[in-house]
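Working notes for the structure below.
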Amino acid sequence: MLKFNVTPQAYPEKRKPEKRAEDFNEIYMEYAVQKAEEQANRCSQCGIPFCQVHCPLQNNIPDWLKLTAENRLQEAYEISSATNTFPEICGRICPQDRLCEGNCVVNKGFGAVTIGSIEKFITENAWEQGWVKPFAPKSERKESIGIIGAGPAGMAAAEMLRRQGYKVTIYDRYNRAGGLMIYGIPNFKLEKWVVERRTEWLKSSGVKFNLNCDIGKDISFKELQSKHDAILIATGVYKARTLETTGMELDNIIPALQFLIASNKIGLGDKLKEPMSMGGKHVVVVGGGDTAMDCVRTAIRQDASSVTCLYRRDRDNMPGSRREVNHAEEEGVKFVWLSAPKAFKGKAGKVSEVLVQRMRLNGKDANGRESIVPVEGEDYAISADIVINALGFEPEDLPALFNEPRLKLNNNGTVKVTPGTFETNIEGVFAAGDIVRGASLVVWGIADGRSAAQAIISSLQSKAAIAQTQKQEGRRARM
Ligand code: FAD
Ligand code: SF4
Ligand code: SF4
C-alpha cells in the first residue's frame, strides 16, 4: 500500500471521443486484474478515511482496497457488497469527484485513488467468477411489504427486507424494473444489462415484481395497504420544471425525460409510435445539471448537426459533474456559459430560434450560491430545430394520485417522513429515495432504501413483540 507517490493515478482506458459518439456503449473499458491491484495499492490506509466518510453508504473503502491490492478478490467483493446493493452500478455512475474520490487525501498533489473504477472491477470480477449468487433468507416470515417503485431506493430496500425473510412485492408503472437507471440514465454511462442482471438476481432471491402496475390507477393505494403489513413509497420525482419564457407553446420544445426515455426505449429494442431523433438537427439544451449532460451527449450520438448547451451560471458554478462536462466537450458539445433563453421564436408553429439573454455573476446569495443578473443590450439569437428543457424535476402530487389526502408533504412537495424512521404520518407507510430527498443520486437512493428497510423491520418486529405480549397477557387473564 501507500504507493500513491510512485504509481501514477490511472483510470481505465476511455474510448476515443469520435468512436464513442458513434454508439451508445459505455465509454470506459475494464481494469485488468493487475491494473486494479496496482491502483488499489496507491491507498494510504488513512486512520480517518475521508473517502468513506463522504460515501453516502459509508462503504468500507480502505479494507476493500487493501484486499484488492493483496489479490484477495472474493473477500474484497464480500466487504464491498455488505454495504451496497449495487456496487458495480455506483462504481460506474456515482459522481466520485464530488464524493469518495473528491475527498481522498491523496487527491491533492497525486490524484485520488480510483475508488469507483476499483469498486466496479471488484463486483464485475465477482459476477464473472460466479461469486454473486441469489440469496435465501434463513427463515421465511409471514409479513409482507409492498414497495411502490422499482428504482434504486425500492430495489435496495427489497434486498434488505427479503434477506430477513419478509415477502416483498415491488410495484412499478413501467414495464421494466430499474427506475431512472433504466429509463433516465443513458447506456453510455450505464448499460442496461447491468441493471437487468440485478433485477434477475432479486427475482431469483424471491422478490416479486408486479410491473405495468400504476398505483393509484391499476390498484388503489387503499387496496395495496390492505394487502401488505407495510408499504414503502419509492416513486421518485418526474414532473419537469418548466421555463417561464415567451414562445414555450411552440412545437419541438421538449422535456429532457421525454427525450431520454424515448432514446433508452429505442436502445432496449422497443418500437415507438413516434420515434424521436436529433439526426441533422440543431439542438439546444437548457440546463447545467447531469440530466442536461445526458441530453447533449445523447443528441451527439443521434447525429445532431450541432448541440449547444445554455447554462445561466459559469462552468465553476454549474451543478453537474465536471467529469461529465469534459466528456461532453470531448464529444463535440458547445457550452455557452452565463446565458439563458429569453424567448423562443418559431416558423409554422415550430421552434426555429432561441433568443439568448447574457447573464453575469453577482456575488453569493443567502445559500452561498453565486447569484446572477441579466446583462442588458447583449441579447443574440441562435438557430434551434429542437430545444430540450433540462431544468430538473419536482414531485408529482402523490396525495391526489393515491387518493390519500392524509399523506403529508413538505413545502417542496416531497413526502414528509420522520427523520431516521422513514415513516410518513400514516402508520405503516414509509417513504425513501428522491420522493423524500428531491432529485438526487442513485447512491443516495440505495442508502435511503436500505435504511428505510431497517426501519420497517424494527417497526414490524416491535409490532410483533407487542402482539405477542398482548396474547400472553390475554392467556394469563383467562387462566
Ligand atoms: P426512481 O429511480 O425515479 O424510481 C422510481 C420508480 O417508481 C420508477 O420506476 C417509476 O416508474 C415508479 N413509480 C412512480 N410512480 C409510480 C406509481 N404511481 N405506481 C407504480 N410505480 C411508480 N444519479 C447518479 O447517481 N448518477 C448519475 O449519473 C445520474 N444520472 C441521471 C440522469 C438522469 C437523466 C436523471 C433523470 C437522473 C440521474 N441520476 C443520476 C439520478 C438518479 O437516477 C435518481 O436519483 C435515482 O434513480 C432515484 O432513485 P428512486 O428509487 O428514488 O427513484
Ligand atoms: Fe464512491 Fe459511490 Fe462507491 Fe461510495 S458508492 S465508494 S461514493 S463510487
Ligand atoms: Fe485510501 Fe484515499 Fe480513502 Fe485515504 S482517503 S483511505 S488514501 S482511498
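Whatever order the structure lists them in is the order used to number ligands and atoms, beginning at 1. All residue numbers refer to positions in the sequence shown, counting from 1.
Open room surrounds NZ on Lys334; 12 or fewer heavy atoms of other groups in view lie less than 6.0 Å from it. For Phe50, the CZ atom is loosely surrounded, since the number of other residues' heavy atoms within 6.0 Å does not exceed 12. For Arg176, the CZ atom counts as densely surrounded, since its 6.0 Å shell holds more than 12 non-hydrogen atoms of other residues, nucleotides or ligands.
In this structure, the ring of His228 has its center no less than 6.0 angstrom from the ring center of Tyr166. Aromatic pair Phe4/Phe110: ring centres closer than 6.0 Å. Tyr174 and Tyr183 have their aromatic ring centers within a separation under 6.0 angstrom. Two rings, from Trp201 and Phe135, have their centers less than 6.0 Å apart.
Counting heavy atoms under 4.0 Å from ligand 2, residue Cys94 touches it through the side chain alone.
In terms of modelled atom types and a separation under 3.5 Å, the side chain of Asp229 and the main chain of Ser144 share a donor-acceptor contact.
Looking only at heavy atoms of the protein, atom 4 (Fe) of ligand 2 is closest to Cys55 SG, 2.4 Å.
For ligand 2, the atoms sitting less than 4.0 Å from at least one non-hydrogen atom of Asn59 are 3 (Fe), 4 (Fe), 5 (S), 6 (S), numbered in the order shown with element in parentheses. Close contacts between ligand 2 and Leu99 involve ligand atoms 7 (S) [criterion: under 4.0 Å to a heavy atom].
Proximity of Phe393 to Leu257: side-chain heavy atoms (C-beta onward) are separated by under 4.5 Å at one or more points.
Near ligand 1, residues Ile93, Ile148, Gly149, Ala150, Gly151, Pro152, Ala153, Tyr171, Asp172, Arg173, Tyr174, Gly179, Leu180, Gly184, Ile185, Lys189, Cys213, Asp214, Ile215, Ala234, Thr235, Gly236, Tyr238, Leu260, Thr291, Asp294, Phe393, Phe402, Gly433, Asp434, Ser440, Leu441, Val442 each place a heavy atom inside the 4.0 Å sphere around the ligand atoms.
In this structure, a donor-acceptor pair under 3.5 Å is present between the side chains of Ser321 and Asp97.
Excluding waters, the set of protein N, O or S atoms lying under 2.8 Å from atom 3 (Fe) of ligand 3 comprises Cys51 SG.
Here CD1 of Ile147 is found 5.0 Å from CD1 of Ile170. Values are rounded to the nearest 0.5 Å.
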